[in-house]
2 protein chains.
Amino acid sequence: MREYYSITELTREFDISTRTLRFYEDEGLIQPVRRGRTRLFRPSDRHLVKQIMRGKRLGFSINEIREIIQMYREPPGEVGQLKLMIKRIEEKREDLRQKRRDLEETLAELDQAEESCVERLVELGVNT
Amino acid sequence: MREYYSITELTREFDISTRTLRFYEDEGLIQPVRRGRTRLFRPSDRHLVKQIMRGKRLGFSINEIREIIQMYREPPGEVGQLKLMIKRIEEKREDLRQKRRDLEETLAELDQAEESCVERLVELGVNT
DNA sequence: GGCCGAATTGACTTTTACGTAAATGCCGTG
DNA sequence: CACGGCATTTACGTAAAAGTCAATTCGGCC
């Protein structure tokens with residue numbers, strides 16, 4: 001495991017701009033350490049970026065991603081907080097399950113659409 | 001199957017504003033018929049709205065949703081167009097499969113997070 | 001015919017998630 | 001040490017997706 005990644009290494013790996021990484025830092029999603037003014041990204045920062053990109057692909061907003069990331073952190077020490085967190089996690093999971101239903105339905109409809117296209121090609125006598 | 005839905009019926013059903021429905025009409029996603037100036041939404045319009053909301057929950061942009069909706073329509077008559085459409089459909093499916101992987105990974109991490117919370121509760125001697 | 005609530009239109013505003021440009025800093029190399 | 005190249009900061013810009021507001025206008029009912 002490498003100790004540090006430069007900002008451009010991460011921009012290349014995740015195909016995002018330096019502006020985006022700085023933006024995520026401003027938003028408090030990542031906190032790379034500094035050598036002088038230069039940002040040094042640790043493996044944990046890199047993993048966070050991976051989680052952010054996943055959240056983005058799933059259509060979560062920055063705020064939602066922030067919430068999710070907080071759920072991955074060390075659980076709090078106080079009972080009330082813990083119970084609240086468990087509730088939040090359950091809500092997010094329900095959200096994701098809804099997305100999964102949406103996803104399966106959309107996939108099914110796309111399957112249908114493709115089938116129609118293929119049929120139409122067969123009608124037109126195209127050798128598939 | 002009802003013949004027509006009013007704009008407010010749909011806003012209630014899908015929990016969106018009239019402004020949003022008009023916006024989707026401006027964007028060409030739906031084309032409700034008119035009686036005078038009043039919009040009448042057919043079941044097919046309603047189904048389109050359902051598909052739009054699904055796309056939104058999955059994080060697709062209006063343009064992407066527009067593309068997906070076009071895939072559900074009658075397949076084109078020309079071979080080149082048909083092959084292009086099949087290619088597009090396959091691309092969207094790949095996109096959705098990526099989303100599914102993201103989704104499963106996120107769900108798994110949330111499961112882990114919840115487990116940590118529960119363990120912590122047990123440590124604190126809370127009767128679950 | 002008059003009235004009221006629902007619907008429409010158009011213009012303006014807001015939020016999110018960065019993009020872009022300008023000015024400047026730091027650092028290894030020839 | 002001058003230079004190229006990557007980094008940083010600050011500030012303003014912008015596209016997408018609606019929200020909000022004001023002015024108007026139907027359409028149904030008494």
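Proteins get letters first, then strands, A, B, ... in listed order; numbering begins at 1 in each.
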Interface with DNA chain D, restricted to residues 48-66 of chain B and to heavy atoms under 4.0 Å: Lys56(B), Ser61(B), Ile62(B)
4.5 Å side-chain heavy-atom contact, Lys87(B) and Glu90(B): no
Atom pair CZ (Arg120(B)) and SG (Cys117(B)), whose distance is rounded to the nearest 0.5 Å: 10.0 Å
Contact check, side chains of Tyr72(B) and His47(B), non-hydrogen atoms, under 4.5 Å: no
Under 4.0 Å protein heavy-atom contacts per nucleotide of nucleotides 8-15 of chain C, with B for base, S for backbone only and - for none: BB-B----
Contact under 4.0 Å: Thr20(B) side-chain N or O vs dG19(D) OP1/OP2: yes
Arg34(B) side chain reached by Arg39(B) side chain, heavy atoms, under 4.5 Å: yes
Pairwise side-chain contact, Leu29(B) with Leu48(B), heavy-atom cut-off 4.5 Å (strictly under): no
Salt-bridge criterion met for Glu104(B) and Arg101(B) (N-O under 4.0 Å): no
Atom pair distance, as rounded to whole Å: CZ in Arg35(A) and C1' in dC26(C): 11 Å
Note: Lys99(A)-Asp102(A) ion pair, threshold 4.0 Å (strictly below): no
Whole-Å distance separating the CG atom of Leu10(A) from the C1' atom of dA7(D): 14 Å
Value in whole Å for how far the P atom of dG19(D) lies from CG of Leu21(B): 10 Å
Phosphate contact (dA17(C) OP1 or OP2) by Tyr24(A) side-chain N/O below 4.0 Å: no
Whole-Å distance separating the CZ atom of Phe14(B) from the P atom of dA17(D): 19 Å
Side-chain donor-acceptor contact under 3.5 Å, Glu67(A) with Asn63(A): no
Presence of Ser6(A) side-chain N/O under 4.0 Å of dC6(D) phosphate oxygens OP1/OP2: no
Heavy-atom neighbours of Glu74(A) CD exceed 12 at 6.0 Å: no
Separation of dA17(D) P from Asp26(B) CG (nearest whole Å): 13 Å
